[in-house]
Amino acid sequence: MNTSEHKTINNIQQDLLKCIRIGVYAGIICIFVALIGMVEKFNSRDIISEVISMGHTLLVIITLSGTILTIQQFRQISLEYKHSSNGINYLWELLVGIFTGLIISSILAIFVVFINEIDIRPIFINASPTLLTILTFDKDIYTATMNLLVLGVVLGFIGTLFLNLPGKLRLLLIAGISSVIILGMFQDIITIILSKDGWPKILLNFLIDKNGVSVTASIVIFILIVITTSIYPYLPTAYENTMRLVAIYHSINLRISMYIMLAITLLLRIYWFIAISDKNLPMLPLCREGYITTNATLGQCAIVVYNQFNNVTNLFANSTSIINLIITISELILVGSISYSIISILWKSLRKTKSYNTNNLSELEHQTLIIKTKRNFSIVMGSALLLSLPMLLGVFPSEVLVNIGIYMLMGFGLNIVVGNAGLLDLGHVAFFAVGAYTTALLTSPRASLELGLSFWAALPIVIVITGLTGILVATPVLRMRGDYLAIVTLGFGEIARFLFLSDWFKPWLGGAQGIIKIPPISIGSIEFIGPHRIYYLIILFALIALFISVRIKDSRVGRAWMAMKADEKVAETMGINTVYYKLLAFGMGAMIASISGAIFATKLGTIFPHSFNVLVSITALSLIIVGGIGNLTGVIIGALVLVGLPELLREFSEFRLLIYGTLLIVMMLLRPEGLVPKSNTNTMIKDQDLIQDAWVENSTIYSHVKR
Amino acid sequence: MKHFFECKNLSKDFGGLTAVNQFNFHMKQGEIVSIIGPNGAGKTTFFNLITGLYPVTSGEITFNGHNIVGLSPYQITELGIARTFQAVRLFTDMTILENAMIGQHCRTNSGVIGAILQSSDHIKEEEHIKQYAKNQLEFFGSRLSGYRMNQPASVLSYANRRRLEIARAMSTEAQLLLLDEPAAGMNPKETIEIANLIGRLRDERGFSILVIEHDMQVVKDVSDHVIAMDYGGKIAEGDYYTVANDDRVIEAYLGRSDN
């Protein structure tokens, strides 16, 4: 009894030390972000208009995380010592939480008093009066300090409370709050999208107030997200049931009709492309785009009706895009169902008796049917979304999408080298650059070769040349692995850039001036100018690269790469020619990167050596690592996160690398296998294995051992 | 007369150390030959020389009439020699079936283009590889086949990893298997099973087998022929009883008696 009491007291001292330490860290981080100007910069935007600014949110998040970390630490220690009863434990936790909050806020308060008294601006340029106003909430220094301390206590309390909430409720809260914060962070891009001609103004006015998300909108969104999250567990079942119904009622070859639907959509989009370039062609109602007013009958009627309605209510303005979208979707459904019924009739008449009666289907067949239906459904919906994205989003977001696509394409190439074959390549930008330069040389009429080939004629040459470059680079590094390979390839990447920059090649490659007047890609009379058209090219090539990657991964070649990645020596004794497969990996990776480079060159129209610095390679490699090495979904998600986010948060570009670095560190700590890790049930299966072995040993297998 | 497998005056120096010294050896097709010897006798180095992992200092190795000295490991595997490793070296990220399928790599030749286009040849070959690999896995009964085939190799227990390594070597369609201490780390039951297995490999699948083994019971059970090595050279050769009773072998293992 005595000893345990003793332990508890000891323990409390330890806990206090721990919370003090974490609290001090969090306080220092608060001061750090204030001093580098993050708080001030972030404060120019409100998360929720007139309620809380981004700067304050940042400080609150840091304080809350500090408190939560402390309490988690506290819990770990309590587990080791086993506190007497739960009630006391809660009390302790509350105490620890409040104490931590108090420490953080008092550090901040000391800082506030300090910069109030002493002007440190000559050293820390960001410790400005504005910062002081932000931190003191525009009150006098005494009240402000008190306020901060009280806030610290409140935040500590909230943090503790939050951790003690039941898991479900906590999840709902996190989802709701973080979606409001995310909305606030992306308010710029949302404003850009929604102020595009065609989206209803009311939506924008509702969502975004003067300087942030409006109060009503944040409440509505919070509630919506909470509702969605709470019914989320039931959604898969609902989806399954819907798909089951679809599968039952449409059990005739659904796939074909779906694909035909898709083909029609695609054709219409292509037609839209031609029609906006060639004014002589009529714009079909089926391929309307938001900001192009059409003289098509169906759409026109709808717009007229809508405008009437609009005049009466005077609520909405200029919602043609939404209307058109709705019309397009309904037209799609119309076309889809018409083609579907035609095909099903044809199908039935062709195979008279073979209409599935679902009652006769075995459970397995039924399941496969449902899986098929699901797949077709997601293919159709996914491609419809992919095809209409640039029309919905407008020019700037499409530009971001194109950048994401370029990196994604390069990522697919690098994934073959790093993810499949296990060769750590830090110089992938070299292949990207070779692709871009070769394209420029071949297509630009102003380049030294003066060839002026069309993109499509140049592309095969570009791919072959870059592939050969890949093999050339790989040859001297065949014996290297891991870190050594990374350093050497890093060197190669830089060598490539310096060669393009050098005076030596200036007559051919233009030195620092680069190559200008690279014509845009064109098919017939359609020119791919502007992000919302290049987008389609990128999508096309990314899908091809994805397709190739998937096919190769599950083939003999993919297996050879995987074996080589796992153990080179063993792979070689199992009959794999490692030299050949290394060269192949580098060659293929380079080829895919070259396509990315080629599109990059035609997109910009001009290329300079400095576009191909080492940061490009690093970004490509990090997007693979962040997504999860060797994982194709990971490449896509990695590109969205690592390329998309910085583009969208351009406003805070000063702190881009800081946020980037923090994100990477946090991710490596929390999810070292990447955002999309491979499913890992090893330990569980291993137990099964041992059990099975024991079973086999005790059974008949030994009865015929000859001895 | 040409031997199925033969080494003449094979030597390997690591700087000043002679790991294999003027080693002469030959075996007939369909034989099971055991190599014994104390640690550091040069047994595994001998295997590494055969499979091309180490370059040969001098001497020659012929297999089926081909001189294999100087060939790359993968070329030697193509000629029909496959091995397992003393410390199990599986491709743990790959599934059990894929591990076995790797063995078929050197017997097939579909490439990137075939894989992308899914040509009929490619599909047929892929199916063949899968069937062949499954066939090899089924040799081990239910331990490696069935539902387990699509699980990663890292889930396997130690003994099953050894079995899978043998299956992987089997699926290279080799004529000569080199097994490096197949019974190391196994419990007595598993050891009996391994001995049984080595016999089955020869009787049912027609492999010639060269096996390094420390467990004398296994050596006694399986070998047609035993070779004892020490200091990189051959110190005794013959059937089990001859070698086991050879003075130099006893000396190598136990030291010289003082009389």
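Note on naming: letters A, B, ... go to the chains in the order of the sequence lines (proteins, then strands), and numbering restarts at 1 for each one.
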Chain A contact via Ile76(B) - which portion, at a heavy-atom distance below 4.5 Å: neither

Portion of Glu98(B) that has a non-hydrogen atom of chain A nearer than 4.5 angstrom: both

Is any side-chain heavy atom of His105(B) closer than 4.5 Å to one of Arg559(A)? no

How close do Asn577(A) and Tyr74(B) get, counting heavy atoms only, and between which atoms? ND2-OH, 3.0 Å

What pair of heavy atoms forms the shortest contact from Val112(B) to Val557(A), and how long is it? N-CG2, 3.9 Å

Structural part of Tyr581(A) lying under 4.5 Å from a heavy atom of chain B: side chain

Contact summary for Leu53(B) and Lys569(A), nearest pair of heavy atoms: CD2-CD, 3.3 Å

What is the minimum heavy-atom distance between Phe85(B) and Thr573(A), and which atoms define it? CZ-OG1, 3.5 Å

Ser110(B) to Arg556(A) - nearest heavy-atom pair and separation: O-NH1, 2.7 Å

Could you check whether any side-chain heavy atom of Thr77(B) comes within less than 4.5 Å of a side-chain heavy atom of Met574(A), counting everything from C-beta outward? no

Which atoms of Arg107(B) approach chain A - backbone, side chain, both or neither, heavy atom under 4.5 Å: neither

Please look at Gln75(B) and chain A and tell me whether the side chain, the backbone, both or neither of the residue comes under 4.5 angstrom of a heavy atom of that chain. neither

Does any backbone or side-chain atom of Ile129(B) lie under 4.5 Å from a heavy atom of chain A? Answer side chain, backbone, both or neither. side chain

Which pair of heavy atoms, one from Phe91(B) and one from Val570(A), lies closest together, and at what distance? CZ-CG1, 3.8 Å

